[in-house]
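None of the values given here were measured: they were computed from a predicted structure.
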Amino acid sequence: EKHLPCIMTEYRLTVLPGDGTGKEVMAEAMRVISAFEKNSPISFNITEIPCGGEYYLETGREWPEGSFEHCRDNSDAILLGAIGWPGARLPNGDLAGGQVILGLRSGLNLYANVRPVKLFQGVKHKVHGVHKDIWDPNLVDMVMVRENTEGLYHSLLRRMSQKAIGEKDDPMVIEKFPGLDGEVAWDTRPISRMGSERVIKFAFDLAEHRQNKLGKPQKVTCVDKSNVTRGCQLFRKIFHEIAEEKYPEIEINEAYIDAFTMWLMRDPESLDVVVLPNMFGDIATDLASVLQGGMGMAGSANLGPKHMLFEPVHGSSPKHAGNNTVNPM
Ligand code: IPM
Ligand code: MN
């Protein structure tokens with residue numbers, strides 16, 4: 001609510017259907033939007049932009065020139081279907097269409113990837129043999145907040161945003177890895193104080209908001225691998241600083257990602273807001289979708305200081321594309 005100025009009645013919506021089933025779910029989303037427009041004082045000025053791996057295979061471009069600038073300068077919100085298509089790779093090996101999703105995440109500073117995991121009434125989760133006959137609103141109702149601008153995605157995100165602002169690719173760095181011979185490929189995983197602080201604060205603010213809305217105490221769980229990696233040690237240290245200094249009234253918990261995957265399946269009712277570094281958030285939210293009825297039920301918001309982009313958690317799912325069977329929820 002904070003982001004939307006109330007006086008405006010027309011919003012500029014940029015629609016990026018993307019690849020495969022992304023196009024199918026977007027067609028359904030457009031029907032919801034027009035039904036909404038008919039029944040409210042709000043309307044949308046919609047610009048649809050073709051993009052993604054399939055578009056790249058057809059045209060040699062990930063999206064038309066000026067698309068990033070349009071998203072940046074002329075969009076109150078962006079709605080994305082899905083990105084990625086088999087065989088669609090840039091000459092340097094990067095995902096074709098990555099500019100669209102990763103370039104927007106980094107170029108617009110969409111640092112909080114908010115992924116609610118909620119089991120709606122009447123929906124069966126997909127954990128074998130555990131479905132309860134009586135639906136309990138507390139069973140699965142959590143929000144995962146994934147850091148969205150650094151971590152293991154950092155080098156790719158930076159390549160994408162440099163392109164977006166017209167700079168050249170990073171020069172290749174040649175290093176020797178002791179003990180490793182032959183061809184070596186690697187990804188750096190930098191985690192910064194600034195990047196961690198803003199997403200962790202976001203998670204605590206969200207917990208406060210949920211506390212007021214749901215009328216019950218909320219807990220923020222920090223998920224990382226701080227027993228092993230330095231970036232996660234910084235992430236967890238900042239989590240504790242922020243919890244103690246700014247949110248002493250909110251309960252906290254912490255878990256290593258490996259054990260967390262087990263607790264997520266075993267005790268989903270014990271989780272409220274969960275904050276995770278980038279790649280762990282990517283993986284854990286696919287797993288968590290099992291608890292909410294599958295990937296078709298999993299939605300996602302990429303939020304930054306000035307922009308917002310909404311998308312399903314699922315990908316273009318080439319296997320299902322063209323059948324019009326994917327859940328557009
Ligand atoms: C997601 C997707 C993306 C990611 C891909 C399409 C680049 O898996 O939004 O979770 O890895 O973040
Ligand atoms: Mn993912």
Hey, what do you get for [atom1] ([X]) to [atom2] ([Y]), rounding to the nearest 0.5 Å?
| X | Y | atom1 | atom2 | value |
| --- | --- | --- | --- | --- |
| D286 | H314 | CG | NE2 | 11.0 Å |
| Q292 | T285 | CD | OG1 | 9.0 Å |
| I242 | I200 | CD1 | CD1 | 5.0 Å |
| L157 | L104 | CG | CG | 11.0 Å |
| Y56 | R89 | OH | CZ | 11.5 Å |
| L79 | M308 | CG | CE | 12.0 Å |

Could you walk me through whether Y153 and N148 pass the side-chain hydrogen bond (donor to acceptor under 3.5 Å, both in side chains) check?
CA-CA 8 Å; Y153 283 70; N148 218 20; over 6 Å; no
Report yes if the side chains of [X] and [Y] come closer than 4.5 Å at any heavy-atom pair, otherwise no.
| X | Y | result |
| --- | --- | --- |
| L108 | I78 | yes |
| I83 | L102 | no |
| V313 | S289 | no |
| F260 | L287 | no |
| S226 | F239 | no |
| E10 | E37 | no |
| L16 | E311 | no |
| L13 | I33 | yes |

Atom [atom1] of residue position [X] - does it have more than 12 heavy atoms of other residues, nucleotides or ligands inside 6.0 Å?
| X | atom1 | answer |
| --- | --- | --- |
| K225 | NZ | yes |
| M329 | CE | no |
| R193 | CZ | yes |
| K216 | NZ | yes |

Could you report the tightest heavy-atom contact between [X] and [Y], atom names first, then the distance?
| X | Y | value |
| --- | --- | --- |
| A284 | L264 | O-CD2, 4.0 Å |
| F68 | G103 | CE1-O, 3.8 Å |
| S196 | S192 | OG-O, 2.7 Å |
| V117 | V140 | O-CG1, 3.6 Å |
| V273 | A203 | CG1-O, 3.6 Å |
| Y55 | R61 | CD2-O, 3.1 Å |

Would you kindly confirm whether [X] and [Y] end up in one hydrophobic cluster when ILVMFWY residues are joined by side chain heavy atoms under 4.5 Å apart?
| X | Y | value |
| --- | --- | --- |
| V228 | I257 | no |
| L206 | F310 | yes |
| M142 | V290 | yes |
| V220 | L214 | no |
| V25 | V123 | no |

Using the ring of each side chain (for Trp, its six-membered ring), is F202 parallel, tilted or perpendicular to Y111, with breaks at 30° and 60°?
perpendicular
Test item: side-chain donor near acceptor, [X] and [Y], under 3.5 Å:
| X | Y | answer |
| --- | --- | --- |
| T149 | E147 | yes |
| N74 | T14 | no |
| T21 | S317 | yes |
| S75 | R12 | no |
| R198 | N109 | yes |

Going through the distances and angles, do Y256 and D224 end up as a side-chain contact (heavy atoms from CB on, under 4.5 Å)?
CA-CA 5 Å; Y256 301 137; D224 56 52; 3.8 Å; yes
Does [Y] offer a backbone N or O that forms a donor-acceptor pair with the side chain of [X] under 3.5 Å?
| X | Y | result |
| --- | --- | --- |
| E54 | G20 | yes |
| N278 | E150 | yes |
| S155 | D187 | no |
| E24 | A321 | no |
| N253 | T221 | no |
| T188 | P190 | no |
| H307 | L110 | no |

When clusters are formed from ILVMFWY side-chain contacts under 4.5 Å, directly or step by step, what else is grouped with W263?
M262
Worked check of side-chain contact (heavy atoms from CB on, under 4.5 Å) between L80 and N302
CA-CA 10 Å; L80 172 78; N302 298 259; over 6 Å; no
What's the verdict on side-chain contact (heavy atoms from CB on, under 4.5 Å) for H240 and R236, showing C-alpha distance, side-chain angles and the deciding distance?
CA-CA 6 Å; H240 281 289; R236 174 124 12 143; 3.8 Å; yes
Which residue, P328, P17, P312, forms the side chain to side chain contact (heavy atoms under 4.5 Å, CB included) with M26?
P17
So among E249, Q218, K213, which one has a side chain to side chain contact (heavy atoms under 4.5 Å, CB included) with E208?
E249
Do R189 and F280 meet the cation-pi criteria used here (NZ or CZ under 6.0 Å from the six-membered ring centre, within 45° of the axis)?
yes
Candidate pair H125 and L139, rule side-chain contact (heavy atoms from CB on, under 4.5 Å), full reasoning
CA-CA 10 Å; H125 68 56; L139 184 61; 4.3 Å; yes
R31/E28 salt bridge by N-O under 4.0 Å criterion
yes
